[in-house]
Visitor: 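Here it is: the structure, laid out below.
Note that these values count all heavy atoms, side chains included, but never hydrogens, waters or copies made by symmetry.
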Amino acid sequence: MRMKHFKLKEFQCKCGCESNKIDIDFLEMLVRARKIAKTPFKITSGYRCKQHPLSIKNPTSSHIKGIAVDIAFSSGTNLAIIIGSLGGAGFERFGINFEKHFIHVDSDDSKSSPNIWGY
């Protein structure tokens with residue numbers, strides 16, 4: 001899959017293994033959201049292998065399934081634009097961490113949806 005605004009490397013596991021099992025359908029939704037937003041998305045976390053420290057802490061994480069990312073935001077306006085575009089692309093699950101300035105988004109059908117939570 002060729003993408004104008006993302007590189008596949010952005011979604012690889014950051015534990016050092018560099019594996020990348022990001023789901024293509026999830027990625028296509030993310031690409032649609034980026035087109036709607038017309039603003040860059042900085043991916044801070046994408047796919048996580050089972051040995052990633054955060055996967056060990058949370059073995060039911062959607063990141064392990066390749067259907068979740070964390071996106072950095074810089075301001076309330078930027079947060080609103082990103083959340084709005086993700087919703088416009090069909091996403092319904094959002095976690096917002098105001099302290100670390102990131103949005104978790106996933107397409108995990110096994111979890112309650114729609115849902116917004118804070119960290």
Visitor: So does R93 pair up with D108, basic N to acidic O under 4.0 Å?
Guide: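 No, R93 and D108 are not salt-bridged.
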Visitor: Does K42 come within less than 4.0 Å of D70, counting only side-chain N to carboxylate O?
Guide: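 Salt bridge flag = no for D70 with K42.
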Visitor: Do the side chain of H101 and the main chain of F73 share a donor and acceptor less than 3.5 angstrom apart?
Guide: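 It does not hold such a pair.
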Visitor: Please tell me if the side chains of V105 and I82 come closer than 4.5 Å, counting only heavy atoms from C-beta onward.
Guide: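 A side-chain contact is absent here, since even the closest heavy-atom pair is not under 4.5 Å.
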Visitor: State, to 0.1 Å, how close G46 and V69 come at their nearest heavy-atom pair, and which atoms those are.
Guide: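 Minimum heavy-atom separation between G46 and V69: CA-CG1, 4.0 Å.
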Visitor: Assess the side chains of S85 and K35: does a donor N or O sit below 3.5 Å from an acceptor N or O?
Guide: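 Judged by distance alone, the side chains do not pair up.
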Visitor: Let me see the working for E10 and F41 under side-chain contact (heavy atoms from CB on, under 4.5 Å), right down to the final yes or no.
Guide: CA-CA 11 Å; E10 292 179 83; F41 285 10; over 6 Å; no
Visitor: Is there a donor-acceptor pair under 3.5 Å between the side chain of R34 and the backbone N or O of H5?
Guide: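 No; judged by distance alone, with no hydrogens or angles, the pair does not exist.
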Visitor: In this structure, are over 12 heavy atoms from other groups packed under 6.0 Å from K111 atom NZ?
Guide: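 Check passes, neighbour count above 12.
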Visitor: Using modelled atom types and a 3.5 Å cut-off, is there a donor and acceptor pairing between side-chain atoms of S61 and backbone atoms of S55?
Guide: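 Pair absent, no side-chain N/O of S61 close to backbone of S55.
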Visitor: Let me check something: do I43 and I81 share a hydrophobic cluster, defined by ILVMFWY side-chain heavy atoms less than 4.5 Å apart, either directly or through other members?
Guide: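 Per the 4.5 Å side-chain linkage, I43 and I81 are not co-clustered.
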Visitor: Answer with yes or no whether the hydrophobic clustering places I83 together with I36; edges join I, L, V, M, F, W, Y residues whose side-chain heavy atoms lie under 4.5 Å apart.
Guide: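 I83 and I36: separate clusters.
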Visitor: According to a 4.5 Å side-chain heavy-atom criterion applied to Ile, Leu, Val, Met, Phe, Trp and Tyr, with indirect links allowed, do I116 and L86 form part of one hydrophobic cluster?
Guide: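 Yes; L86 is reachable from I116 via cluster members.
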Visitor: Working to the nearest 0.5 angstrom, can you tell me the gap between T44 OG1 and N97 CG?
Guide: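 Going from the OG1 atom of T44 to the CG atom of N97 covers 9.5 Å.
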Visitor: Please work out which of the three classes, parallel, tilted or perpendicular, describes the rings of Y119 and F102, given edges at 30° and 60°.
Guide: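 Tilted, since the angle between the ring planes falls between 30° and 60°.
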Visitor: For N58 and L54, indicate whether the former's side chain and the latter's backbone hold a donor-acceptor pair under 3.5 Å.
Guide: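 No, the answer is negative, given that no donor and acceptor are paired below the 3.5 Å cut-off.
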Visitor: Please determine whether residues F6 and M29 belong to a single hydrophobic cluster, defined as Ile, Leu, Val, Met, Phe, Trp and Tyr linked transitively by side-chain heavy-atom distances below 4.5 Å.
Guide: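 Yes, F6 connects to M29 through the hydrophobic network.
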Visitor: More than 12 heavy atoms of other residues, nucleotides or ligands under 6.0 Å from NZ of K14: is that the case?
Guide: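 More than 12 within 6.0 Å, yes.
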Visitor: Can you list everything that forms a side chain to side chain contact (heavy atoms under 4.5 Å, CB included) with N20? Sequence neighbours excluded, please.
Guide: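 For N20 the side chain to side chain contact (heavy atoms under 4.5 Å, CB included) partners, ignoring immediate neighbours, are L8, F11, Q12, I22, Y47.
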Visitor: Give me the atom names and distance for the closest heavy-atom approach of D106 to F91.
Guide: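 So the two residues come closest at O-CD2, 3.7 Å.
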Visitor: Before we go on, tell me: are the rings of H52 and H63 under 6.0 Å apart, centre to centre?
Guide: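 When the ring centroids of H52 and H63 are compared, they turn out to be at least 6.0 Å apart.
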